[in-house]
Amino acid sequence: MSNRVEPICSVKGTRDLLPPDTNLWQRVEAEAHRVFAAYHYGEIRTPILEETALFARSVGADTDIVMKEMYTFRDRDEESLTLRPEATASVVRAYLEHSLYNQGGIHKLYYVGPMFRRERPQKGRYRQFYQIGAEVLGSQSPLVDVEVLEMLVLFLERVGIREYQLLLNSVGCPKCRPEYLDVLRQALENVKPTMCADCQRRAETNPLRVLDCKVEADQPIIEKLPKIIDHLDPECRQHFDCVTSGLQARGLAYQVTPRLVRGLDYYTRTTFEITSGALGAQNAVVGGGRYDGLSEMLGGPPTPGIGFSIGQDRLILAVQAAAVLKSEAPLAAYVVWMGEAALAPASRLVRELRAQGLSVEIDYDPMKIKKAMGVANKLQARFAIIIGEGELAGGRYQVKDMTTGEQQELSPGAIASFLKGKF
RNA sequence: GUGGGUGUAGCUCAGCUGGUAGAGCGCCAGACUGUGGAUCUGGACGUCGCGGGUUCGAAUCCCGUCACCCACCCCA
């Protein structure tokens with residue numbers, strides 16, 4: 001008798017991804033590799049662990065992410081390390097660390113991997129979540145913004161996402177944003193008392209967040225508040241206009257959303273978000289924008305940048321809702337053998353087929369044919385290959401099409417090419 | 001960090017006002033000893049999340065606790 005031991009579960013907000021779901025994850029990632037490569041992006045892989053200061057300096061010391069959501073700990077030598085809550089800071093850090101700016105030109109990089117934020121989990125929100133993101137460093141052209149969005153839209157359509165909205169805004173730059181904030185604060189002074197409690201608080205702590213309020217009664221008030229896109233300086237205004245006209249020229253639909261305010265400090269000018277229905281409250285699938293000052297914040301030379309990150313967990317939810325891609329990993333054949341004498345030839349055939357890249361399964365425990373055919377069916381094998389005494393004697397194996405029920409005899413050497421013709 | 005909901009078989013869930021557990025699906029076996037998907041028959045499987053309390057008796061009532069889910073917040 002064994003003593004009962006406490007089972008160990010995955011920690012809160014983390015989860016195991018299992019087949020067949022992982023097949024869908026792989027296909028989404030494969031599509032990202034294809035699309036991004038077509039736009040001439042190269043993959044970057046940065047450490048998951050970074051010095052804490054990297055995020056404090058880039059994301060912003062008084063953002064929610066840095067203040068209360070990071071997994072931060074002291075290493076054995078007392079250094080403060082953090083599990084990355086996002087990847088843009090790491091990408092820029094790597095860009096500077098390897099002096100890529102000295103190579104001239106622009107750098108287009110993308111990444112896929114896990115991020116960590118210690119929030120209360122809910123639908124589409126996990127403590128370990130996955131992002132697929134891309135960054136362009138070294139260009140301040142608004143047409144790069146347009147191209148980034150074009151690539152994003154192509155990717156989403158490739159994975160079967162149709163119902164989405166591209167929300168677009170500009171948050172100005174360190175020159176014009178403070179001026180806007182003054183205007184906004186002044187405007188809020190008058191209407192603040194009529195707004196919800198949260199907004200009254202936000203009006204003090206973070207006026208931009210007021211714009212994001214979802215309380216119905218506050219909407220008419222918010223409508224009348226000054227919009228940042230009406231207070232951009234000439235350069236920012238021109239940049240924004242170039243982005244919108246560029247999107248129009250390429251037939252990309254967008255919606256200017258004055259309320260769209262990104263939560264990270266490093267954003268400048270263009271910001272955007274892509275939302276999808278069927279996602280619950282956490283409906284942002286993609287967030288991104290321009291961050292022209294980030295390099296300097298991290299001690300590098302002035303280097304404009306723009307990027308986005310896709311919430312892969314949320315994307316998968318949306319893909320599943322759209323039901324275009326399904327989780328499936330087709331099995332080409334299941335090999336049924338009867339009698340000890342058939343096992344070795346069956347194993348040889350399986351090895352040959354697999355070496356040809358065909359997905360093939362075999363069980364090594366003896367089974368009655370009825371049972372074995374049941375297994376072939378359960379595994380959804382496209383073909384069952386039957387090898388028994390008669391087949392060994394005749395040198396030809398039975399190959400049964402499990403979808404039609406048709407069966408034919410083939411010599412062992414002919415099976416591989418026959419199957420390959422079917423896939 | 002705050003609120004609400006849910007924890008019963010591998011999965012989805014039923015179990016009324018307390019009398020110590022059920023269905024469907026799945027799984028195993030047989031009907032059908034070299035051919036799956038259909039049907040029928042039989043079978044295995046539960047610390048009723050965990051701990052405590054009330055009670056002759058708790059899956060059921062009470063308290064606590066943990067986990068998951070959803071929402072707030074924030075964001076991907």
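Convention: sequence-line order gives letters A, B, ...; per-chain numbering from 1.
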Can you check whether A:Q282 reaches A:K123 side chain to side chain, under 4.5 Å on heavy atoms?
no
If you look at every strand shown and take non-hydrogen atoms under 4.0 Å, does A:V336 touch a base, only sugar-phosphate, or nothing?
nothing
Do the non-hydrogen side-chain atoms of A:Y41 and A:V148 ever get within less than 4.5 Å of each other?
yes
If the C1' atom of B:G26 is compared with that of B:C32, how far apart are they to the nearest Å?
22 Å
Could you tell me whether A:G287 contacts a base, only the sugar-phosphate backbone, or nothing, with contacts defined as non-hydrogen atoms closer than 4.0 Å?
sugar-phosphate
Would you kindly check whether a donor in the side chain of A:R117 faces an acceptor in the base of B:A76, or vice versa, at under 3.5 angstrom?
yes
Do A:R269's NZ or CZ and the ring of A:F240 fall within the cation-pi criteria of under 6.0 Å and 45°?
no
B:G34 and B:A23: how far apart are their P atoms, nearest whole angstrom?
33 Å
For atom P, what is the distance between B:U12 and B:C69, given to the nearest Å?
13 Å
May I ask you to decide if the ring planes of A:F383 and A:F418 are parallel, tilted or perpendicular, using 30° and 60° as cut-offs?
perpendicular
Where do N or O atoms of nucleotides 27-30 of chain B meet protein N or O atoms at under 3.5 Å, pair by pair?
| residue | atom | partner | partner atom | Å |
| --- | --- | --- | --- | --- |
| B:C28 | OP1 | A:K371 | NZ | 2.8 |
| B:G30 | OP1 | A:K368 | NZ | 2.8 |

How would you list, by chain and number, every residue that makes a side-chain hydrogen bond (donor to acceptor under 3.5 Å, both in side chains) with A:T403, sequence neighbours excluded?
A:D401
Using the P atom as the reference point in each nucleotide, state the distance between B:C27 and B:A38 in Å, no decimals.
10 Å
Who pairs with A:Y397 by side-chain hydrogen bond (donor to acceptor under 3.5 Å, both in side chains), at least two apart in sequence or on another chain?
none
Between B:G36 and A:Q380, counting only base atoms on the nucleotide and side-chain atoms on the residue, is there a donor-acceptor pair under 3.5 Å?
no
Side chains of A:H107 and A:V136, heavy atoms from C-beta outward: is any pair under 4.5 Å?
no
Any side-chain donor paired with an acceptor under 3.5 Å for A:E409 and A:Q398?
yes
Would you call the rings of A:Y180 and A:H231 parallel, tilted or perpendicular, where under 30° means parallel and over 60° means perpendicular?
tilted
Show me the protein contacts with nucleotides 64-70 of chain B, counting only N or O atoms at under 3.5 Å.
| residue | atom | partner | partner atom | Å |
| --- | --- | --- | --- | --- |
| B:C68 | OP2 | A:K12 | NZ | 3.1 |
| B:C70 | OP2 | A:K123 | N | 2.7 |

Parsed dot-bracket for RNA chain B after applying the Watson-Crick and G-U rules with both distances under 3.5 Å and | for other-strand partners is (((((((..((((.....[..)))).(((((.......))))).....(((((..]....))))))))))))....
Rounded distance in Å between the P positions of B:G19 and B:C61:
11 Å
Say we look at B:C11 and B:A58: how far apart would their C1' atoms be, to the nearest angstrom?
27 Å
Could you tell me whether the side chains of A:Y95 and A:E135 share a donor-acceptor contact shorter than 3.5 Å?
no
Between B:A14 and B:C50, how many Å separate the two C1' atoms, rounded to a whole number?
23 Å
Gap in Å between the two C1' atoms, one belonging to B:A76 and one to B:G7, rounded
29 Å
Within the structure shown, what part of the strands sits under 4.0 Å from A:Q312 by heavy-atom distance: base, sugar-phosphate, or nothing?
nothing
Under 3.5 Å side-chain donor-acceptor pair for A:Q312 and A:E29:
yes
Please list all pairs meeting side chain to side chain donor-acceptor pair (under 3.5 Å) that have one or both residues in residues 361-371 of chain A, counting only residues at least two apart or in different chains.
A:Y334-A:D363, A:R354-A:E361
